[in-house]
Amino acid sequence: VYNWFLFGHILSVFVFLVAHGVSVFVLFRVRRERDRSKILELLTFSGETVLPMYVSLAGIVLFGVLAGLKLSAFSHWWIWLAIGILLVTSALMVATARPYFARLKTACEVRPSGVPRVSDEELAQLLRSQTAMVVATIGTVGLVAILYLMVFQPGAV
Ligand code: HEM
């Protein structure tokens, strides 16, 4: 049964990467865009992948905990650290990535009169901002650290 837990865990990771890959690419793609309707379309597309991303995240944790119990891994610190990094990365995403995309969305809104709510200059500034790099760094460091802990299981011998 351990193999099925591992299978479910890896399949969930696969779905997570497929779903969240959309947000990853949109994060960089919008930086080259100045057309408000196109930016909105990209941000909306990313938003549509958030629910499947959360469902896959739940699958990752569920099957990961089941596989970990089978391995008696919870007596080792690596699995606790991996779960901690997953939670911290997710919390930091909610605190940085979500509000960034929300601000971009607002900046793309156009009044019924046809005048944008935010000036072109302000929109360009938001798009050029370092927030995207901060989000990408948090996510990449989190992913790589968790992968290292899962593969090398330090302390488990
Ligand atoms: C362990 C790795 C990662 C985890 C657990 C994670 C988790 C999350 C979570 C929980 C959200 C919040 C979704 C919401 O409630 O709105 C989010 C949003 C986001 N993440 Fe990540 N993420 C990871 C890696 C990355 C990476 C590597 C990037 C980019 C290079 C990235 C870019 C984004 C973006 C752009 C959003 C906003 C999506 C939207 O609102 O449409 N994430 N992530």
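In listed order, ligands and their atoms are each counted from 1. All values derive from a computational prediction rather than experimental measurement.
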Undergrad: Would you mind reporting whether Val22 and Met53 have side-chain heavy atoms less than 4.5 Å apart?
TA: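 Met53 vs Val22: side chains apart.
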Undergrad: How close does the nearest protein non-hydrogen atom get to atom 29 (C) of ligand 1, and which residue and atom is it?
TA: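 Answer for atom 29 (C) of ligand 1: Val24 CG2, 3.6 Å.
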Undergrad: So which protein heavy atom does atom 24 (C) of ligand 1 come closest to, and at what separation?
TA: Gly139 CA, 3.5 Å
Undergrad: Out of Leu51, Leu143, Val26, Leu147, who is nearest to atom 2 (C) of ligand 1 when you count heavy atoms only?
TA: Leu143
Undergrad: Does the side chain of Ser90 come within less than 4.5 Å of Leu57's, by heavy atoms?
TA: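 Yes. Closest side-chain heavy atoms under 4.5 Å.
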Undergrad: What residue and atom, counting heavy atoms only, is the protein's closest point to atom 5 (C) of ligand 1, and at what distance?
TA: Ser90 OG, 3.5 Å
Undergrad: Return the orientation label for the Phe63 and Phe5 ring planes: parallel under 30°, perpendicular over 60°, tilted otherwise.
TA: tilted
Undergrad: Can Phe28 be reached from Tyr100 by stepping across I, L, V, M, F, W or Y side chains whose heavy atoms are under 4.5 Å apart?
TA: yes
Undergrad: When you check the gap from the basic side-chain N to the acidic O, do Arg128 and Glu122 get nearer than 4.0 Å?
TA: no
Undergrad: Have a look at ligand 1 and work out which part of Phe25, if any, has a heavy atom under 4.0 Å from it: side chain, backbone, both or neither.
TA: neither
Undergrad: What is the nearest protein non-hydrogen atom to atom 35 (C) of ligand 1, stated with its residue, atom name and distance?
TA: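 The protein heavy atom lying closest is Phe101 CZ, 3.4 Å.
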Undergrad: Do Tyr54 and Ile85 share a hydrophobic cluster, counting only Ile, Leu, Val, Met, Phe, Trp and Tyr and linking them when any side-chain heavy atoms are less than 4.5 Å apart?
TA: yes
Undergrad: Considering only heavy atoms from C-beta outward, does the side chain of Arg117 approach that of Val110 to under 4.5 Å?
TA: no
Undergrad: Assess whether a salt bridge exists between Glu109 and Lys105, defined as any Lys/Arg side-chain N lying under 4.0 Å from an Asp/Glu carboxylate O.
TA: no
Undergrad: Among all the protein's non-hydrogen atoms, which is closest to atom 22 (N) of ligand 1, and how far away is it?
TA: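 It is His20 NE2, 2.9 Å.
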Undergrad: Geometry only, no angles: is Thr89 polar-contacting ligand 1 at N/O separations under 3.5 Å?
TA: no
Undergrad: Taking atom 30 (C) of ligand 1 as the point of reference, which of Ala136, Ala97, Ala91 owns the nearest heavy atom?
TA: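 The residue whose heavy atom sits nearest atom 30 (C) of ligand 1 is Ala136.
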Undergrad: Under a 3.5 Å distance rule, please check whether Ser129 uses its side chain to pair with a backbone N or O of Gln125 as donor and acceptor.
TA: no
Undergrad: So is there a nitrogen or oxygen of Ser46 less than 3.5 Å from a nitrogen or oxygen in ligand 1?
TA: yes
Undergrad: For atom 4 (C) of ligand 1, what is the closest protein heavy atom, and at what distance to 0.1 Å?
TA: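 Protein heavy atom with the smallest distance to atom 4 (C) of ligand 1: Phe16 CZ, 3.6 Å.
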Undergrad: Would you call Arg34 and Leu127 a side-chain contact if the rule is heavy atoms closer than 4.5 Å?
TA: yes
Undergrad: For ligand 1, does Tyr54 get within less than 4.0 Å through its side chain, its backbone, both, or neither, judged by non-hydrogen atoms?
TA: side chain
Undergrad: Which of the atoms of ligand 1 are close to Arg98, meaning less than 4.0 Å from one of its heavy atoms?
TA: 14 (C), 15 (O), 16 (O)
Undergrad: What protein heavy atom is closest to atom 6 (C) of ligand 1, reported as residue, atom name and distance in Å?
TA: Met93 CG, 3.6 Å
Undergrad: Can you list the ligand 1 atoms lying under 4.0 Å from a non-hydrogen atom of Val135?
TA: 32 (C), 33 (C)
Undergrad: Pull out every atom of ligand 1 sitting under 4.0 Å from any heavy atom of Gly47, numbered as shown with elements.
TA: 41 (O)
Undergrad: Going only through I, L, V, M, F, W and Y residues with side-chain contacts under 4.5 Å, is there a path from Val135 to Ile146?
TA: no
Undergrad: Which atoms of ligand 1 sit under 4.0 Å from any heavy atom of Thr140?
TA: 27 (C)
